[in-house]
**Student:** 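Dropping the structure in here first, questions after.
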Amino acid sequence: MGMLDRYKKKGGFYQLLQLLETSPTAKREQFLTLIAGENPVWEEALRKRILTIARVYSWEGQYLVEIFSRVQPTTLAYALHGNPQEQIDNLLSCLPPISKRKITDLMAEASPTPAEKGTCVSKMLTEVRGFIGQGIIRLEKVDPDLHIPENIEEILNTTSFNVGSMPLTDAAKKDVKPNIVGDSDGTPTAGVNQEAEFLKRKVNQLSSEVNALKHENTVLKDKLAQIKKIA
């Protein structure tokens with residue numbers, strides 16, 4: 001059984017895409033290499049549609065305002081923290097002055113760690129995917145190259161092929177390693193092991209996000225208690 005077999009059913013492409021999007025860059029590339037070794041067509045389709053924060057930031061202001069106005073201000077402030085000032089000014093220019101000031105004030109007060117910033121970037125991407133699913137962001141208009149056809153698994157399964165059944169180009173030969181899917185002696189496949197590692201990292205990432213939210217909740221409770229004392 002190939003690594004991709006479980007994802008070839010309806011909805012599998014999106015599931016695999018989410019796994020890639022929530023993985024660290026280095027691990028994502030390793031996973032894509034494994035996928036390319038089994039089915040280059042799927043690898044190309046996935047790589048083309050991976051949603052990154054840089055891709056989101058490249059969208060027009062009329063679409064960014066739909067996103068920025070819906071995510072938590074703290075999440076946006078942490079995600080933008082440390083970015084070039086010119087980029088921050090350009091991105092926030094889509095917001096009303098009051099909303100922009102709120103974000104910039106939060107950024108001035110905040111000092112997120114790289115892990116906290118990374119968690120907020122991941123959270124933003126997850127929320128953007130949610131907006132896409134709700135129809136708030138329509139990729140066919142915003143960024144057609146990222147649009148996922150409803151029957152994409154059927155399309156890819158019809159046009160895909162195994163690298164072992166067709167000649168490889170020189171470029172493909174450099175990327176594909178022999179026995180990349182697994183050994184023939186019945187040991188677990190490299191793809192399954194790699195996927196398990198990704199899932200573990202995803203769990204750790206979600207745990208970090210939960211801890212960050214707990215911390216934020218504690219801070220808000222303390223502020224509320226102070227307000228009640230003043231009142």
Side-chain angles (χ1 to χ4, degrees), residues 1-59 118 121-122 124-126 128-133 137-140 142-206:
M1 178 178 178
M3 179 181 62
L4 286 174
D5 289 348
R6 72 187 66 186
Y7 296 108
K8 289 183 178 180
K9 60 185 179 180
K10 186 174 178 61
F13 182 90
Y14 182 71
Q15 182 183 359
L16 185 52
L17 188 62
Q18 284 187 306
L19 179 62
L20 291 168
E21 288 177 346
T22 55
S23 299
T25 303
K27 292 296 182 182
R28 178 191 304 162
E29 288 301 319
Q30 291 177 16
F31 202 8
L32 285 167
T33 298
L34 289 171
I35 295 171
E38 185 173 334
N39 195 311
V41 175
W42 271 73
E43 185 268 345
E44 181 181 1
L46 287 163
R47 187 181 291 278
K48 179 181 178 182
R49 292 173 175 83
I50 290 175
L51 183 66
T52 64
I53 198 65
R55 192 68 175 257
V56 172
Y57 289 164
S58 71
W59 292 347
V121 168
S122 296
M124 274 192 63
L125 291 175
T126 299
V128 171
R129 274 296 178 195
F131 301 152
I132 293 169
I137 297 294
R138 301 183 64 85
L139 286 179
E140 58 269 34
V142 181
D143 198 335
D145 287 341
L146 293 179
H147 177 61
I148 303 173
E150 185 176 353
N151 62 334
I152 189 168
E153 293 87 6
E154 181 181 349
I155 295 172
L156 295 177
N157 292 339
T158 301
T159 59
S160 62
F161 57 89
N162 292 323
V163 294
S165 62
M166 294 186 68
L168 297 177
T169 62
D170 291 339
K173 288 178 181 177
K174 293 179 181 178
D175 295 330
V176 179
K177 298 179 180 179
N179 299 323
I180 195 168
V181 176
D183 298 328
S184 58
D185 58 0
T187 57
T189 66
V192 171
N193 291 337
Q194 186 70 29
E195 183 178 3
E197 184 179 347
F198 276 117
L199 291 174
K200 288 179 182 179
R201 288 181 176 275
K202 185 175 182 181
V203 170
N204 291 336
Q205 179 184 4
L206 291 174

**Student:** Would you please test Tyr7 and Leu46 for side chain to side chain contact (heavy atoms under 4.5 Å, CB included) and show each step?
**Tutor:** CA-CA 12 Å; Tyr7 296 108; Leu46 287 163; over 6 Å; no
**Student:** So, taking the atom named NZ in Lys27 and the one named OG1 in Thr22, what distance separates them when rounded to the nearest 0.5 Å?
**Tutor:** 14.0 Å
**Student:** Looking only at non-hydrogen atoms, find the nearest pair between Glu38 and Leu4 and report the distance.
**Tutor:** OE2-N, 3.2 Å
**Student:** Not counting sequence neighbours, which residues clear salt bridge (charged side-chain N to carboxylate O under 4.0 Å, His left out) with Arg49? List them please.
**Tutor:** none
**Student:** For Lys8, does its backbone N or O pair with a side-chain atom of Asn157 as donor and acceptor, under 3.5 Å?
**Tutor:** yes
**Student:** Under the side-chain hydrogen bond (donor to acceptor under 3.5 Å, both in side chains) rule, collect the residues that match up with Tyr57, sequence neighbours excluded.
**Tutor:** none
**Student:** From Trp42 CH2 over to Leu17 CG, what is the distance, rounded to the nearest 0.5 angstrom?
**Tutor:** 10.5 Å
**Student:** Decide yes or no for Pro149 and Ile152: does some side-chain heavy atom of the first lie under 4.5 Å from some side-chain heavy atom of the second?
**Tutor:** yes
**Student:** Return the set of residues passing salt bridge (charged side-chain N to carboxylate O under 4.0 Å, His left out) with Arg47 (not counting sequence neighbours), or none when no residue passes.
**Tutor:** Glu29, Glu43
**Student:** Which distance, rounded to the nearest 0.5 Å, do you find between the CD1 of Ile148 and the CG of Leu139?
**Tutor:** 7.5 Å
**Student:** To the nearest 0.5 Å, what is the distance between CG on Leu156 and CG on Asn151?
**Tutor:** 9.5 Å
**Student:** Please list all pairs meeting salt bridge (charged side-chain N to carboxylate O under 4.0 Å, His left out) that have one or both residues in residues 145-156, counting only residues at least two apart or in different chains.
**Tutor:** Lys10-Glu150
**Student:** More than 12 non-hydrogen atoms from neighbouring residues, nucleotides or ligands closer than 6.0 Å to CD on Glu44, yes or no?
**Tutor:** no
**Student:** Which residues pass the side-chain contact (heavy atoms from CB on, under 4.5 Å) test with Phe131, not counting sequence neighbours?
**Tutor:** Ile67, Arg70, Val71, Glu127, Gln134, Ile136, Ile137
**Student:** Quick one: list whatever passes side-chain contact (heavy atoms from CB on, under 4.5 Å) with Thr52, sequence neighbours left out.
**Tutor:** Arg28, Ile50, Ala54, Arg55
**Student:** How about Ile132 and Leu146: do any of their side-chain heavy atoms sit closer than 4.5 Å?
**Tutor:** no
**Student:** Answer whether the closest heavy-atom distance between the side chains of Arg129 and Thr126 falls below 4.5 Å.
**Tutor:** no
